[in-house]
Amino acid sequence: MYVIHFKLHKRALLAAIAVLVLSVSAALLLPGCRGKEEQPIPAGTEEQRLAYLADLGWAVNAAPVETLDLQLPQPLTEDWVAYAQLQKEQDLPFSDYSGQSVRRYTYTVTNYPGVQKGVQVNLYVCGDQLIGGDIISLGENGFQSGLAFPKT
């Protein structure tokens, strides 16, 4: 059996605690040390929403075809879970807004590759921040996808 014996001086203990506190504080305060933080996407005005869609490569009619106010359930119901996952994959904070009043803006997309008509984009906005969105095609070969412009 081995016995390890050491003597700890008060001054050394205080120095070790100080180093630990400084290290933790620096890790929390320095940029980039807390992991990825999403920047809010401003979408409170028509111009901001249209500019965001244009930055993604989408051409849309300037006026929304529908504007709908709705209350997201708290917690998100089964109907919303798959949609919340799609938003998470896009780094949009949709699920963080469960229980909140949101507004959905729906625009007609005019440049979806290979589809002439029937494609729309939905943007979910809470306050002046974009919290979710999708591209949807209505009709026979309908689909729903994230907001990224298709590569081909």
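Along the sequence shown, the residues carry numbers beginning at 1.
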Discussion item. Does Phe149 form a side chain to side chain contact (heavy atoms under 4.5 Å, CB included) with Ile135? I'd like the steps, not just the answer.
Written reply: CA-CA 9 Å; Phe149 196 85; Ile135 301 293; over 6 Å; no

Check whether any side-chain heavy atom of [X] lies under 4.5 Å from a side-chain heavy atom of [Y], and answer yes or no.
X      : Y      : answer
Ile41  : Leu92  : yes
Leu86  : Asp134 : yes
Asn122 : Tyr124 : yes
Leu53  : Leu123 : yes
Pro75  : Ser98  : no
Val121 : Tyr105 : no
Val102 : Phe94  : no

Discussion item. What I want to check is whether the side chains of Tyr83 and Gln144 have a donor and an acceptor closer together than 3.5 Å.
Written reply: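 Their side chains do not contain a donor-acceptor pair, so the 3.5 Å distance test is not met.
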
Fill in: Trace of the side-chain hydrogen bond (donor to acceptor under 3.5 Å, both in side chains) decision for Tyr97 with Gln129
CA-CA 11 Å; Tyr97 289 83; Gln129 179 181 348; 3.0 Å; yes

Hydrophobic cluster membership, [X] vs [Y], 4.5 Å side-chain cutoff:
X      : Y     : result
Tyr107 : Val65 : no
Ile136 : Val81 : no
Leu147 : Trp80 : no
Leu56  : Val60 : yes

Discussion item. Tell me whether Ser137 contacts the main-chain N or O of Phe143 through its side chain, where contact means a donor paired with an acceptor under 3.5 Å.
Written reply: no

Please find the pair of heavy atoms, one from [X] and one from [Y], that lie closest to each other, and give the distance.
X      : Y      : result
Gln120 : Thr106 : OE1-CG2, 3.5 Å
Leu130 : Pro93  : O-CD, 4.1 Å
Pro64  : Glu46  : CD-OE2, 3.6 Å
Gly127 : Val125 : O-CG1, 3.5 Å
Gln90  : Gly133 : NE2-O, 3.0 Å
Arg49  : Ala43  : NH1-O, 2.8 Å

Practice prompt. Carefully, step by step, assess Gln100 and Leu72 under the rule side chain to side chain contact (heavy atoms under 4.5 Å, CB included).
Written response: CA-CA 6 Å; Gln100 301 289 319; Leu72 296 179; 5.5 Å; no

Worksheet item: If you draw a 6.0 Å radius around CD in Gln71, do more than 12 non-hydrogen atoms from other residues or ligands fall strictly inside?
Response: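 For Gln71, atom CD is crowded (more than 12 foreign heavy atoms under 6.0 Å).
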
Worksheet item: Under 6.0 Å from the CD atom of Gln74, do we count more than 12 heavy atoms belonging to anything else shown?
Response: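 Yes, enclosed.
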
Worksheet, complete the sentence: dist Leu70:CG -> Arg103:CZ (nearest 0.5 Å) comes out at 10.0 Å

Item to complete: Would you check, one step at a time, whether the test side chain to side chain contact (heavy atoms under 4.5 Å, CB included) holds for Leu76 with Ser95?
Response: CA-CA 7 Å; Leu76 292 176; Ser95 59; 3.9 Å; yes

Worksheet entry | Proximity of Tyr112 and Trp58 rings by center, below 6.0 Å |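 Yes, the ring centres sit under 6.0 Å apart.
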
